[in-house]
Amino acid sequence: MIYKAWFQCALGCDERHDLNEIVYECSKCGGLLEVEHDIDALRTKSPVYWRQLFDQRYMRTGWPYGSSVWGKKEMVCPNVENENVVSMFEGGGNLFWADRLGREIGVEDLWVKQCGNSHTGSFKDLGMTVLVSMVKQMISEGKCIPAVACASTGDTSAALAAYGAAAGIRTIVFLPRDKVSAAQLVQPMANGALVVSLETDFDGCMRIVREICLRENIYLANSMNSLRVEGQKTISLELAQQFDWEMPDWIVIPGGNLGNVSALGKGLQEMEEIGLINQLPRIAVAQSANANPLYRSYLQNFDRFEPIPAQRTLASAIQIGDPVSAQKAIRVLKTFNGVVEQATEDELANASAMADRTGLFCCPHTGVAFAALFKLLDRGVIQRKDRVVVISTAHGLKFTEFKIAYHEDRLRDLGVEPRHANRPLELPPKYDLVRDRVFQALLM
Ligand SMILES: *Cc1c(COP(=O)(O)O)cnc(C)c1O
Ligand SMILES: [Zn+2]
């Protein structure tokens with residue numbers, strides 16, 4: 001294969017590493033590494049060639065290209081041999097035309113990219129397939145990797161455990177106790193990961209996993225490992241593909257550790273460099289007001305970035321106060337004339353429920369993105385005629401506790417007043433009574 005990629009310092013130091021080296025940070029400045037592609041090699045083929053190739057492979061069965069991540073292998077990770085790819089047909093998330101919700105909020109052209117319709121129920125699969133495939137490649141080359149580990153707010157560990165199990169590679173996941181949903185906890189348990197529940201928050205888990213990986217030769221699967229970013233950037237490639245290579249005006253994306261928005265930006269920029277797209281969208285990052293270090297930095301024009309202790313939020317996957325990819329995300333936002341908006345618990349819960357009423361089934365993080373969209377529309381930052389895509393990051397079925405508590409009005413302690421609550425009618429099985437109450441309810 002003539003296409004090449006390697007690790008390079010994201011802050012511009014002159015340091016390169018092969019993708020099969022176990023290295024996460026630049027030895028000169030301590031900053032994150034980034035996967036750099038030989039763009040000139042990719043440009044030896046025309047944009048038309050790439051578009052046709054990607055379209056031909058999309059969602060078909062030719063191994064491993066039917067996966068929408070590996071269908072773009074040349075732009076994602078050309079270094080892995082096909083026989084070492086660990087794939088579960090990830091990607092290809094439905095682009096949902098949210099016409100009814102759009103009409104309710106006055107946007108003509110609203111779309112939801114359903115990244116949670118995926119093997120483990122979140123977009124984390126997109127990055128994990130690349131990372132675990134590279135681990136399998138390294139093991140096949142004789143490297144000693146006893147296990148792969150991550151700290152997680154729930155979805156990363158589910159993805160790591162599933163891909164590790166599929167490949168027969170040991171996995172260790174560090175979770176903050178009582179801060180992940182039941183579905184998120186049971187996923188790595190079911191897939192046979194070593195599950196370590198720590199009496200701390202995500203940031204505390206992150207400190208432990210970094211140390212154990214640095215000292216014990218265990219491979220780190222958090223997004224400071226930039227291989228995951230390569231898989232996640234296919235969200236932007238798919239969006240281009242699904243819109244026939246035209247970009248929307250805005251992409252709204254929830255952000256916690258800020259790896260996903262970094263990936264989105266990287267994918268868009270590389271597509272532009274290769275000529276696959278000709279215009280760039282603007283990007284809005286949505287944060288929970290209880291875990292909003294990027295929002296605070298945005299208010300100060302990104303002059304400074306200060307980690308904060310994250311407070312409890314229903315959007316538990318983005319309850320992160322010290323995001324690993326903050327600097328990458330800020331660079332993306334500057335490039336894409338981006339904005340950051342925040343959502344309170346009341347706003348995110350009601351936005352999520354309102355979207356559900358139009359046929360979606362949102363996770364709370366997607367609720368944060370919707371709430372941010374509503375506010376940006378009100379302020380006229382996003383215009384009513386704009387084409388807007390909301391990135392839905394996980395499947396709502398992973399967060400049923402959140403939804404039940406909302407509909408049962410049990411979130412008052414977080415300030416949530418459920419304006420779209422819908423409780424079951426509980427009745428004895430008596431026809432006349434049932435009929436009366438049903439019609440009474442229909443007329444309300
Ligand atoms: C991981 C995750 C996010 C946040 O992505 P980052 O890359 O950490 O910013 C948002 N929503 C869900 C459901 C997630 O699992
Ligand atoms: Zn550096």
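Counting convention: from 1, in listed order, for ligands and their atoms alike.
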Checklist outcome for this item: If we number the atoms of ligand 1 from 1 as shown, the ones under 4.0 Å from a heavy atom of Asp155 are 12 (C), 13 (C), 14 (C), 15 (O)
Checklist entry - Are Ser223 and ligand 1 in contact, using a heavy-atom cut-off of under 4.0 Å? => result no
Checklist entry - So, Thr234 side chain and Leu237 main chain: donor-acceptor pair closer than 3.5 Å or not? => result no
Item to check | Step-by-step salt bridge (Lys or Arg N to Asp or Glu O under 4.0 Å) determination, Arg419 to Asp346 | outcome: CA-CA 10 Å; Arg419 290 194 301 279; Asp346 184 60; 3.6 Å; yes
Checklist entry - What are the two closest non-hydrogen atoms of Gln184 and Pro188, and how far apart are they? => result O-CD, 2.9 Å
Next on the checklist: Closer than 4.0 Å to some heavy atom of Lys124 - which atoms of ligand 1 meet that?
Outcome noted: 1 (C), 2 (C), 3 (C), 14 (C), 15 (O)
Checklist entry - Where does Asn257 meet ligand 1, judged by heavy-atom distances below 4.0 Å: at the side chain, the backbone, both, or neither? => result both
Next on the checklist: What do you get for the angle at the Zn ion (ligand 2) between SG on Cys9 and SG on Cys13, to the nearest 10 degrees?
Outcome noted: 110°
Next on the checklist: For ligand 1, which is the ligand I care about here, please tell me if Ala394 has any N or O atom under 3.5 Å from one of the ligand's N or O atoms.
Outcome noted: no
Checklist entry - Does Thr393 reach ligand 1 with a nitrogen or oxygen that is under 3.5 Å from one of the ligand's nitrogen or oxygen atoms? => result yes
Item to check | Donor-acceptor under 3.5 Å (His365 side chain, Pro254 main chain) | outcome: no
Checklist entry - If you measure from the Lys or Arg side-chain nitrogens to the Asp or Glu carboxylate oxygens, is any gap between Arg103 and Asp99 under 4.0 Å? => result yes
